[in-house]
Every structure is written in structure tokens, then in C-alpha cells.
Amino acid sequence: MNDFIFKDNELYCEDVPVKNIASEAGTPFYLYSLATLRRHFKVFDESSKVLNSLVCYSVKANSNIAVLNFLFKMGWGADIVSGGELFRAIKAGVDVNKVVYSGVGKTEGEIEFAIKSNILMFNVESIPEVFLIDKVAGRLGKKAKISFRINPNVDPKTHPYISTGLKKNKFGINIKHAIPAYETAAGLSSIDIAGLDCHIGSQLTEISPFNDAVAIVKELLDKIMSKGFNIRYLDLGGGLGITYENEMPPHPSTYMNSIKNILKDYGGTVIFEPGRLIAGNAGIFITKIIYNKDTGSKNFIIVDGGMNDLIRPALYEAYHEIVPVIKRVGPRIKADIVGPICESADFLGKDRVLSPVSEGDLLAVFSAGAYGFSMSSNYNSRPRSAEVLVDKDKFHIIRQRETYEDLIGKETVPDHNI
Ligand code: LLP
């Protein structure tokens, strides 16, 4: 089943022709399918039910409040990494008792906001952090629930920029320091030790690193519990990969069943933080061809969406399939598809073979629903694109395109002494 489909050589999102959306919303824009989001939700939700689990969607993957609102209404919580994400989650109607807060650099202000909001738990990534949480909770007359994020030193076999569970990474607490960390936290009066957490990386396409990490964490969990700590939550993070090109990531139910075996005698709640798996293939990015440029040594298709809109190709050399929204017949062309930004890294795809296209045609960049808009920027003073959500035969602009006024709205010019 796919909700981005070609009918008579023209791309539709569910029942809506993509070109109709482009005429109303302008280009470039992100386009999400509610039917796909719903299906991804269902697959993960049902698979996770083999365990006593809580799913906290990883807000960073796609943080549009319409997307969040849908997932929260369906009953999921949120994995957040900043005060801004907490604000979004609350605005989108999250049940605060289902919010976990990860990240190595939580500030005092952010910690205070989270405690006052009564979130479920902090996933603590260092000893100084637990002291700060204790201090803030004490000042507010509250107890803060925490888990420690443990770095199990497992290679997730993914791009180095999105590996997080190796000892050279900044994330989590070295597993060798885990028990002393729990003992230290036990001495803090405003801390309630509630969980154990781990997240080894993103876009994992093999099951074995997950199994290795869960086995290591389970061994540690047993040790910690044997010391009398009441670990009611085991958070296993996110990380399940998706198909961008021809990857064959494990199905969520394969993943759940394999870790279920390892965790069979654990009576607490297992938390999952999926992001990419839910949003990645529920979204595409639509951009318009401005020029076809032949430099004599190479063809460049120059489009109106660039690395400021979708940075994944530039940052990770990530592959995203790119196809014309209207497929024409005729000789195929080979070109680099590049944006308007003044950087040679500003490409969406290299050496791509496409059916014939002309200036003014639309291109669809697939698998862009996760870490697409949420990583976009205003570089080169380009207003960020619109976001559109399709539901059957209707579409909703869920974020307006930014304007030039938005670009400078927060800026002021002091009196210059010249
Ligand atoms: N939990 C934690 C603590 C995380 O750090 C992340 C992702 C997730 C959950 C969600 O992981 P997912 O299920 O989406 O793999 N910008 C990169 C991905 C960075 C992922 C960061 N952490 C990309 O575009 O590939």
C-alpha cells in the first residue's frame, strides 16, 4: 500500500493530484499523507503491544503540531529534546504524563519548564545533569522522575553522524559508570529513580545491533534491580530504519518479538521512541524546476528547493528518490538535481536518470517526512517552505510558507555611530 501513487503518469497523494496542491500552495512544500501516518502508527502500535509498552513519538523527526496532534490523539506520548519541543507537544495536546525528555544539554530553564509541566521522566545523560534536576525540583518542592541513558558501546552500523551508542559519542553514561550513577542519584532528595534508558542510533537496518544493545541493557537492568532500585520503565529509544532506496529494515513486529524474548522476565513498562519510521515515508518534498543548465561537462536541474529545505543529502550524503510529478515519455536524461543555495553541497540528488523534464515542471523528493522540514533553515535568507497534509480527497496547509517579513521580524537595527 502506498498513498503517493501515480495514476496515468501523474503523482497523487491519496486522492489529490499533487499539481493541484502546488497551484494553491506554491513551491517548494512538504506534503504528508494522513493515511500513511495512520498506517505507520497502527503497525508500530500493534507490534509494540506484545510488550507492556508506552510509545513516545520522537518529536524531532517531524514536529508540525498537526502531525503531533494526530499521534497524541491516537494515544501516544512524546520523546522531546528541548523546551521548544515540549512547548509544541503541549500545544498539540500531549498527555504530559507520557512525555520523556532526552538530550545531553538540558538547561536549567528547560528543566524547570519540564518539571512544572509534570512530564513523566527525564532521560539523564550525565551526573552534572542529575544534580541540576535535583536542585531545580527541590526549589519547586517536587520530585523529578529520572532514568539514566546508558551508552552500551554497540555499533549501530549506520551513518557515523547518526550513531549515538558508541563510547566515542557524547550521548549517555558509560556503562561502566552506570551503577555508581544510580547510587549517586539515590542520595538526592528530589530525584525519584524510575527507569533505565538507551538509544544507539538512527536508521538502523539490521536487527542485531538492537539485540546486542537490549541484551547488554537487560544485564545491567538486572544488576540495578538486584541492588534494590525500582526500575519501572525501560526506555529503548528509537532507531528503526526505513527504505529510502533498497534498504530492507526489520519490520517492527520482528524487532518487538526478538526483544520480547530478551525481556521476558521484566515486569515494568517498555518505552519506545520511534521517529523516522512513523514520519519518513509519510512525507515527500515538492519542488519546481527553475532552469535546466548544461555546463558542457554536466547537466544540472536547478530547482526552487535547496539544502535549507532538505539538508539530508548535503549532511549525510543521504539518498532520496526523485521523480517528476508528471512522467512524460521521451529520452531519459541524467543530471544532478541542485538547489539555489550558494554552496556546492546544495544538492538533492546526484547523477539521477529522469524521464524528460522542462523548466516549470514539479519534482517529488521521496521519503522526506522525517528530518526534512524539522531540520530546515533560513540560510541564504530563504523563507521556509509550506507544509501540507492530505486526508483522502482534501488537503490542509498545516504551515504557511514564511514571508520575507518573517525573515527579519525579530531583527532590529541599533543607532549606528558613523
Ligand atoms: N530517541 C532519541 C534519544 C533520539 O536521539 C532519536 C533520534 C530518536 C529517539 C528517534 O530516532 P528514529 O526513530 O527517528 O531513528 N537527522 C538525522 C537523524 C538524527 C536522529 C537523532 N536522534 C537524519 O536525518 O537521518
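Just follow the structure's listing: the first ligand is 1, and inside any ligand the first atom is 1. None of the values given here were measured: they were computed from a predicted structure.
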Check your understanding: For the ring pair Y101 and F122, is the centre-to-centre distance below 6.0 Å?
Key -> yes

**Study point:** Chi angles and distances behind the salt bridge (Lys or Arg N to Asp or Glu O under 4.0 Å) call for D406, R401
**Key:** CA-CA 10 Å; D406 291 330; R401 180 180 312 288; over 6 Å; no

Study note, to complete from the structure: In terms of its nearest heavy atom to atom 6 (C) of ligand 1, the top option of K60, E125, Q203 is K60

Practice item. Let me see the working for D79 and K60 under salt bridge (Lys or Arg N to Asp or Glu O under 4.0 Å), right down to the final yes or no. Key: CA-CA 8 Å; D79 154 48; K60 64 177 86 62; 3.4 Å; yes

Review point. Backbone or side chain, does any N or O of G201 fall under 3.5 Å from an N or O of ligand 1?
Key: no

Point to revise | Under-4.0 Å heavy-atom contact with ligand 1, by part of E273 that carries it | key: both

Point to revise | Atom indices of ligand 1, in the order listed, that fall short of 4.0 Å to a heavy atom of R149 | key: 3 (C)

Review point. Can you list the atoms of ligand 1 that are under 4.0 Å from a heavy atom of P274?
Key: 13 (O)

Review point. Short list, please: which atoms of ligand 1 are under 4.0 Å from a heavy atom of G275?
Key: 12 (P), 13 (O), 14 (O)

Review point. Where on Y316 is there a heavy atom closer than 4.0 Å to ligand 1, on the side chain, on the backbone, on both, or on neither?
Key: side chain

Exercise for review: Check whether any N or O atom of L240, backbone or side chain, sits under 3.5 Å from an N or O atom of ligand 1, and answer yes or no.
Suggested key: no

Review point. Does A61 come within less than 4.0 angstrom of ligand 1, counting non-hydrogen atoms of the residue?
Key: no

Check your understanding: For the rings on H199 and F171, is their centre-to-centre separation under 6.0 Å?
Key -> no

Point to revise | Enumerated ligand 1 atoms positioned under 4.0 Å from heavy atoms of M375 | key: 16 (N), 24 (O)

Point to revise | Sub-4.5 Å side-chain heavy-atom contact between D197 and F148 | key: no

Compile the donor-acceptor pairs under 3.5 Å between side chains in residues 20-28 and protein atoms, sequence neighbours left out, one pair per line.
residue : atom : partner : partner atom : Å
S23     : OG   : K19     : O            : 2.8
T27     : OG1  : D304    : OD2          : 2.5

Practice item. Using modelled atom types only, decide if a donor and an acceptor are shared between the side chain of N281 and the backbone of T243 within a distance under 3.5 Å. Key: yes

Review point. Under 3.5 Å between some N or O of ligand 1 and some N or O of R312?
Key: yes

**Study point:** Residues in ring pair (Phe, Tyr, Trp, His ring centres under 6.0 Å) contact with Y32, at least two apart in sequence or another chain
**Key:** none

Exercise for review: Give yes if a backbone or side-chain nitrogen or oxygen of R276 is under 3.5 Å from a nitrogen or oxygen of ligand 1, and no if not.
Suggested key: yes

Check your understanding: Should D79 be counted as touching ligand 1, given the test is an N or O pair under 3.5 Å?
Key -> yes

Practice item. Would you please indicate yes or no on a ring centroid separation below 6.0 angstrom for Y255 and F210? Key: yes

